[in-house]
Amino acid sequence: MIRFRNGTIRRCWTALTAACVATMTLASMHGNAQSLPWAEARAQVVALARTGKIAEIEAAVLSAQDEFERDQTNDQRIAGLLEGISDKRLPFYNIEMQLNQWVESAPQSYAARLMRGRFLAIAGARARGTAWARLTTEGQFAQMKQLHERSRVDLLAATRLTRVPLHARMRLMWNALLGGQSDVFREQYQLALAHSPGNMRLRRSWMESLEPRWGGSYPAMSNYAQESARALSPAHAATLRSLALADEAWLLNTASSWSAAEKKFNDAIRIADTPDHRVGRAEALAELGRAEDAATDIRAAFNDPVYTNTHAADVLTQLARKHPKLDGVNDLVDALIERHPDHAHLRNLRGFRLQQGGDQARAYPDFRAAGETGDAWAETMVGKYIFNGFGGVPVNREEGLNWLRRAASKGEPNAQLSVKQALEMMGRQGDISTAQAEFQRANPKAAEKARKTQAAQEAPKTREALANPELFLWHQLVTWWHEYYRYIALYLAALVGVMLILIRKDDEK
């Protein structure tokens with residue numbers, strides 16, 4: 001233990017200690033403050049878009065762009081605004097119509113062009129899907145190209161309407177990469193590099209284009225990292241150096257080689273301890289049965305104030321499903337939903353947990369938010385809540401049926417069975433065969449799966465009936481009635497008619 005005999009030394013040591021504590025506190029506050037602009041900006045755009053307040057969106061974008069142009073290391077706010085316009089809970093066609101009206105009324109607005117260009121770009125990427133190219137249909141590629149062509153027009157216009165159009169150029173780069181236009185990708189990168197040479201997002205985008213899956217190589221990635229070191233901070237330069245190892249690790253995850261993936265991620269983390277690397281290792285650790293270590297990595301990634309990748313939410317969803325009683329996992333789910341409110345799987349996970357705990361009222365908002373993203377399972381739950389009035393939700397059978405039909409048309413077996421049951425409860429048996437035919441045309445494989453699911457649900461009743469002759473007879477009568485009630489009714493009507501005719505003839509005699 002250090003003893004201070006000199007009062008001056010003691011006072012200096014006390015002051016130094018206080019300064020260190022204050023510095024750490026301020027650093028922590030700065031980190032938390034940095035995490036707010038992205039999330040707040042995203043939520044702001046969603047709220048404004050829902051109420052059609054385009055003028056307020058334009059003011060927010062121009063203000064954020066001005067902040068970014070003054071300091072290109074501070075792009076959290078502009079990134080959050082751009083992310084918000086593609087929130088999956090916003091009705092696609094409503095938002096597209098608003099954006100079209102905005103551009104038509106202000107064709108020289110940087111904000112309007114950038115927002116619509118970015119919106120159409122994300123829509124194109126979603127239309128293509130995330131599967132490998134060999135597993136993607138020509139129709140998906142065609143839809144992506146059509147949306148990306150419309151996006152390109154807006155983004156090119158945006159590049160001419162501001163001094164530092166980095167976000168427009170980066171989106172043009174990704175559109176080109178997804179469309180296999182390497183020359184366009186290279187051209188936009190060079191133009192962006194001229195005004196933003198030290199921007200890490202830009203450097204990382206080029207680095208990712210050098211991955212083997214895009215036709216690059218790991219030596220090319222290493223060479224680029226060395227070339228970029230002079231323009232970047234030491235931390236960012238280290239991150240670039242680690243990306244080749246991380247890409248190998250991600251591919252090992254894809255191949256389910258979990259132990260090898262963990263080792264590669266360990267190597268990458270020794271060079272640069274980034275949130276992406278932590279999340280990748282968490283996925284491997286979860287599959288290796290080391291749930292607590294996986295949760296620790298996800299927590300570390302989430303604690304980074306500028307980490308916004310949704311993959312942490314994907315990995316956490318799988319972890320929480322397999323280990324629902326893991327210490328702290330529910331708190332992590334709640335925290336990640338705050339950052340990614342349109343993540344359907346997390347919403348479903350929490351909604352199901354609340355429902356199973358008997359809290360129907362708090363479960364419904366999560367199912368509703370997930371259903372608004374187009375998730376079929378969540379749409380089924382929303383339909384059931386509205387149709388039956390669970391959790392205090394006002395009963396509206398037509399609206400509930402519409403939600404169930406929406407999910408059923410996507411091949412959700414539970415929804416298809418629920419539509420049949422709902423129509424029976426509403427006395428609309430005549431609509432059942434029409435609805436089932438619609439589902440069959442929309443998704444024949446899913447319709448067959450639904451039929452098997454129904455058969456499996458009724459199998460226990462059949463086995464119980466076979467064990468009891470009286471129950472068996474009753475079961476058969478109920479089954480025959482449900483299948484042939486129309487014919488039975490017609491037969492009885494015809495029989496009554498014949499009897500009436502015979503009775504009349506007897507009376508005449």
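All of these numbers come straight from a predicted model, not from anything done at the bench.
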Can we say [X] and [Y] salt-bridge, meaning some charged N sits less than 4.0 Å from an Asp/Glu carboxylate O?
X	Y	answer
R186	D183	no
K322	E287	yes
R150	D154	no
E211	R213	yes
E149	R152	yes
D273	R281	no
K410	E379	yes
R347	D366	yes
R353	D334	yes
R428	E398	yes
E227	R241	no

Could you tell me whether the side chain of [X] and the main chain of [Y] form a donor-acceptor pair under 3.5 Å?
X	Y	result
Q143	A127	no
S228	Y224	yes
Q72	S196	no
N303	R299	yes
R203	P197	yes
D66	L62	no
T162	P165	no
Q190	E187	no
D375	A370	no
S105	Q101	yes

Side chains of [X] and [Y]: do they bring a donor and an acceptor to under 3.5 Å?
X	Y	value
Q140	T137	yes
H277	T274	yes
Q108	R160	no
E58	S109	yes

Q) Which of parallel (below 30°), tilted (30 to 60°) and perpendicular (above 60°) describes F185 and W206? A)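 Ring orientation, 0 to 90° scale: parallel.
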
Is there side-chain contact between [X] and [Y], with heavy atoms separated by less than 4.5 Å?
X	Y	result
I386	R368	yes
V279	N309	no
E208	L177	no
S205	W174	yes
M173	L202	yes

Q.
Run the salt bridge (charged side-chain N to carboxylate O under 4.0 Å, His left out) test on D267 and K264 for me, step by step, so that the C-alpha distance in whole Å, both residues' side-chain angles and the decisive distance to 0.1 Å come before the verdict.
A. CA-CA 5 Å; D267 293 340; K264 283 289 182 183; 5.2 Å; no

Q: Tell me, yes or no, whether the heavy-atom count around H345 atom NE2, taken from other residues, nucleotides or ligands under 6.0 Å, exceeds 12.
A: no

Q. If you count the non-hydrogen atoms of other residues, nucleotides and ligands that lie under 6.0 Å from CZ in F141, is the total more than 12?
A. yes

Where [X] and [Y] come nearest, the two heavy atoms and their spacing:
X	Y	value
R171	A121	NE-CB, 3.5 Å
M207	A225	CE-CB, 3.7 Å
L166	A192	CD1-CB, 4.0 Å
R118	L82	NH1-O, 3.4 Å
L178	A125	CD1-CB, 4.1 Å
L90	I85	CD1-O, 4.0 Å

Q: List the steps and the verdict of side chain to side chain contact (heavy atoms under 4.5 Å, CB included) for F387 and N396.
A: CA-CA 6 Å; F387 189 90; N396 187 326; over 6 Å; no

Q) Of I78, L161, D75, L81, which meets side chain to side chain contact (heavy atoms under 4.5 Å, CB included) against Q65? A) I78

Nearest 0.5 angstrom please: [X] [atom1] to [Y] [atom2], how far?
X	Y	atom1	atom2	value
R89	H343	CZ	NE2	12.5 Å
R169	Q188	CZ	CD	5.0 Å
D276	F265	CG	CZ	9.0 Å
L316	L346	CG	CG	5.5 Å
L99	L120	CG	CG	7.5 Å
F68	R77	CZ	CZ	15.0 Å

Q.
Please report whether the ring centroid of H340 lies less than 6.0 Å from that of W38.
A.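 Yes, the ring centres sit under 6.0 Å apart.
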
Q.
Please confirm whether the ring centroid of W403 lies under 6.0 Å from the ring centroid of Y385.
A. no

Q. Can you check side chain to side chain contact (heavy atoms under 4.5 Å, CB included) on E438 and R405, steps first, answer last?
A. CA-CA 10 Å; E438 290 176 0; R405 281 182 176 275; 3.5 Å; yes

Q | Row check, F302 ring normal vs R339 NZ/CZ: under 6.0 Å, within 45° | A | yes

(Q) Does R116 form a salt bridge (charged side-chain N to carboxylate O under 4.0 Å, His left out) with E96? I'd like the steps, not just the answer. (A) CA-CA 8 Å; R116 190 174 72 172; E96 185 182 29; over 6 Å; no

